[in-house]
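The structure appears below as structure tokens.
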Amino acid sequence: MNRTTPRFDTLAAARYTSAPPSESPEQKRTNLETVFGMNVFGLHEMKERLPEPQFEALQSTMRNGTDLDPSVADAVAHAMKDWALEKGATHYTHWFQPLTGSTAEKHDSFLKPTGDGRAITAFSGSALVQGEPDASSFPSGGLRATFEARGYTAWDPTSPAFLMEGPGGAYLCIPTAFASWAGDALDKKTPLLRSIHAIDEQGRRALKLFGSPPKAVRATCGPEQEYFLVDEEFFYRRPDLITTGRTLFGTKPPKGQEMDDHYFGSIPARVLEYMNEVELELYKLGVPVTTRHNEVAPGQFEMAPIYEDANPAADHQQLMMSTLRRVARNYGLVCLLHEKPFQGINGSGKHLNWSIGTSEQNLLEPGETPHDNMQFLFFTAAVLRAVARHQDLLRASVAHAGNDHRLGANEAPPAIISAFVGDQLQDIFEQIEKAGEAKTSKSGGLMGLGVNVLPRLPKHAGDRNRTSPFAFTGNKWEFRALGSSQSVSFPATVLNTIVAESIDELCTLLEADLEKGVAFDEALRALLASEIPQFKHIVFNGDNYSEEWVVEAEKRGLLNLRNTMDALPKIVDPKNVALFEKYGVLSHRELESRYEIYVEQYFMTINIEGETGQHMAQTMILPAATRYLSELLTTAERADDVGLRAEGVLATARHVMELVNQLTDMLAVLASQNQELGGDTILSKAEHMRSNIIPALTAVRDVVDRLERVVPDDLWPVPTYRDMLFVK
């Protein structure tokens with residue numbers, strides 16, 4: 001019998017486990033300082049190409065948020081076009097971030113016919129500032145009807161234009177906002193920019209009270225990115241990976257991540273070549289990636305940038321995800337950004353490192369004596385106050401179907417939002433609460449390693465807590481609950497807005513005391529002492545994975561929104577609507593639209609998974625199992641013909657038959673639920689997915705995974721976890 005099947009493509013995949021042929025090390029050496037930002041129309045290029053008055057005006061807009069002079073746009077457009085043409089660009093696009101969570105672009109040529117059979121290259125200020133891409137098929141959540149096709153893109157001068165290169169040429173990408181004809185935000189950038197303005201306005205107000213110069217206050221972000229790599233030989237043999245981004249079936253291999261030998265291990269040669277090319281492409285685009293390493297699970301890796309202003313950081317995060325996917329194909333790999341591509345294996349997150357500061361100081365930097373640093377304590381209290389008040393909104397900002405597989409497992413923080421502050425900061429807050437002021441700060445000191453030749457290391461006053469969803473890590477907060485596939489824009493928008501509100505309200509209380517003649521230092525100490533009891537229930541420095549914490553969190557009144565459909569309604573909670581409207585970040589209409597879109601995305605995601613799982617089980621798994629059963633019965637019959645005992649074969653056949661019957665029963669349930677869909681409204685459909693499709697698909701998976709353990713390897717129709725995780 002010829003049993004050559006796709007399963008034996010493991011050897012074909014393994015041929016590429018060495019790095020592909022490339023130039024010699026001498027040819028490949030790159031001057032990183034020269035490469036970095038070479039495809040970005042940044043400050044250096046602007047200064048070189050723009051007249052000084054226009055450059056200064058643009059600088060003022062970028063740094064201080066002042067209105068852009070329309071005459072500046074023409075000068076910028078001309079300079080931008082010349083720069084792009086010199087680099088081989090033929091087209092430009094208004095690059096925007098619709099509510100799908102990815103990016104979008106429509107290309108227009110620089111070439112303009114002159115009417116005499118010839119053409120010139122042209123790009124006007126009006127074309128730079130505003131585009132009309134239509135883009136009516138993007139989700140709008142009811143903000144515009146299908147027939148209302150007009151949509152506008154608006155140039156964002158605070159995020160630099162860049163050049164995308166490919167085998168067929170290059171094109172200029174201009175970061176833009178995207179709005180409807182009625183002016184509603186249809187993207188993720190516009191609310192982020194509004195929230196940046198809100199925190200700048202309130203941050204300046206706070207700094208004025210502290211007597212600091214009225215510098216612009218900026219939110220900064222540094223999103224880490226985890227991802228899996230699988231050989232494309234395997235990817236295209238897995239319909240579930242193609243359509244859903246994760247494996248709907250697959251039993252855990254004998255060896256997974258238990259040995260911890262992959263974590264921070266030597267990077268495989270092909271993967272290292274891939275990482276080098278990804279980094280080079282990102283350096284050209286000005287993305288400050290700085291860290292790379294093997295992650296915990298086999299086949300899992302991480303890349304992280306230095307943190308930068310929140311708006312370009314969000315743009316750069318999108319570029320990082322698209323570059324990771326695009327370059328992987330050059331090496332016969334596919335990059336998986338799903339939060340849980342493999343069941344029983346660590347999933348992938350995206351830790352959002354977030355801080356606020358001016359061009360001269362990080363406002364969350366504690367300094368050598370944080371108990372004396374009242375400005376730091378004020379802003380830290382504002383953050384904790386915001387998290388305590390809006391734990392629901394933070395949880396909702398990371399709610400989507402993929403993240404439901406990850407949150408609460410032992411590779412990610414739980415769905416309960418709490419904050420880790422460390423021993424030093426907790427001690428300071430306890431002193432202030434009890435005595436109205438703090439007189440000491442716990443010191444880390446130096447740590448000896450027991451060997452004279454090794455240096456004594458400075459020891460931090462507090463450890464890090466990888467189980468916490470929101471952790472203070474020295475001079476920034478790490479929001480660890482984000483999923484690896486999602487845009488960072490909405491979580492960053494939420495953080496900026498809730499902290500802006502908190503700063504606003506604390507400033508109002510301080511100003512009221514100052515008007516009564518209370519000295520500033522006295523008013524500030526009293527304010528902190530009164531506020532700490534209001535937010536200390538959100539602080540937890542222990543093990544967030546423990547069952548004891550779940551019980552304790554409930555006693556503290558913390559929310560445990562276990563899945564997406566529990567969390568999403570919080571977006572339109574009256575207090576959250578009032579918050580976003582107060583600071584002009586999102587209108588009630590815009591919030592309702594996002595809620596509807598996120599619910600619809602949840603529905604469509606699970607619906608696709610349910611139908612894909614049904615199709616795979618019916619057309620691939622069940623036939624493989626019945627073929628094996630047929631072989632067993634034929635073997636038993638032949639054994640009986642020649643007088644041989646076949647008890648073992650028959651016992652195996654009975655076991656396989658039992659599993660086949662179970663799979664048939666479970667498939668009938670899944671097929672019925674797939675047909676049902678759950679009603680007429682998006683909300684009822686999404687609830688049906690959570691309550692019926694997910695349990696039905698889980699039941700099918702349970703049987704399929706048990707079949708995988710008994711069906712012969714050469715009959716199993718799809719690549720296994722062993723193949724996908726370890727062939728690199």
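Looking only at side-chain heavy atoms (C-beta outward), M616 and F249 come within less than 4.5 Å of each other. Residues W716 and L707 meet the side-chain proximity criterion, which asks for heavy atoms closer than 4.5 Å. F235 has its side chain within reach of L336: a pair of non-hydrogen atoms, C-beta onward, lies under 4.5 Å apart. Side-chain contact between V704 and E708 is absent, with no heavy atoms from C-beta onward closer than 4.5 Å. Proximity of Q97 to S487: side-chain heavy atoms (C-beta onward) are separated by under 4.5 Å at one or more points. A 4.5 Å side-chain heavy-atom check between P305 and M320 finds at least one atom pair inside the cut-off.
Within the structure, the side-chain hydrogen bond (donor to acceptor under 3.5 Å, both in side chains) test picks out the following pairs touching residues 657-671 (sequence neighbours left out): E658-Q662, Q662-R706. Listed by first then second residue, pairs satisfying salt bridge (charged side-chain N to carboxylate O under 4.0 Å, His left out) with a partner in residues 597-613 read R246-E609, not counting sequence neighbours.
With 3.5 Å as the limit, one finds no donor-acceptor pair spanning the side chains of H405 and E339. Donor-acceptor pairing under 3.5 Å is lacking for the side chains of T244 and T612. There is a side-chain donor-acceptor pair under 3.5 Å between S418 and N544. Side chains of D705 and T251: a donor-acceptor N/O pair is absent below 3.5 angstrom, by distance only.
One N or O on the side chain of Y274 and one on the backbone of L324 form a donor-acceptor pair closer than 3.5 Å. Within the 3.5 Å criterion, the main-chain N or O of A297 finds no donor-acceptor partner in the side chain of N346. Under the 3.5 Å distance criterion, the side-chain polar atoms of R701 are matched with a main-chain donor or acceptor of L248. In this structure a side-chain-to-backbone donor-acceptor pair under 3.5 Å is missing from D404 to N563. A donor-acceptor contact shorter than 3.5 Å links the side chain of K340 to the backbone of I345. Side chain of D640 to backbone of E637: no donor-acceptor contact under 3.5 angstrom is found. Listed for the N560 side chain is no donor-acceptor partner under 3.5 Å among the backbone atoms of P414. A donor-acceptor contact shorter than 3.5 Å is absent between the side chain of S485 and the backbone of H338.
Partners of L677 by side-chain contact (heavy atoms from CB on, under 4.5 Å), not counting sequence neighbours, listed by chain and number: F603, N607, K685, M689. Checked against side-chain contact (heavy atoms from CB on, under 4.5 Å), A314 has the following partners two or more places apart in sequence or in another chain: L192, V488, S489. With sequence neighbours excluded, the residues that form a side-chain contact (heavy atoms from CB on, under 4.5 Å) with M275 are Y227, I267, V271, R292, F301. S102 meets the side chain to side chain donor-acceptor pair (under 3.5 Å) test with T100; sequence neighbours excluded.
Between D713 and R722 there is a salt bridge, since at least one side-chain N of the basic residue sits less than 4.0 Å from a carboxylate O of the acidic one. The residues R270 and E273 are annotated as not salt-bridged, no charged nitrogen and carboxylate oxygen being separated by less than 4.0 angstrom. Ion pair R627/E631 not flagged as a salt bridge, since none of the NZ, NE, NH1 or NH2 atoms sits closer than 4.0 Å to an Asp/Glu carboxylate oxygen.
In M620, the CE atom is crowded: over 12 heavy atoms of neighbouring residues, nucleotides or ligands sit closer than 6.0 Å.
Under the 30°/60° scheme for interplanar angles, the aromatic rings of F470 and F479 are found to stand perpendicular.
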task = Might you work through the side-chain hydrogen bond (donor to acceptor under 3.5 Å, both in side chains) test for N330 and E277, ending with a clear yes or no?
result = CA-CA 10 Å; N330 298 342; E277 185 172 342; 2.9 Å; yes
task = Could you walk me through whether R238 and I242 pass side chain to side chain contact (heavy atoms under 4.5 Å, CB included), step by step?
result = CA-CA 7 Å; R238 297 276 320 204; I242 294 173; 5.9 Å; no
key: Check against side chain to side chain contact (heavy atoms under 4.5 Å, CB included), R638 and L644   = CA-CA 8 Å; R638 290 176 178 174; L644 296 176; over 6 Å; no
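Looking at Q317, E226, Q486 one by one, the single match for side-chain hydrogen bond (donor to acceptor under 3.5 Å, both in side chains) with K350 turns out to be Q317.
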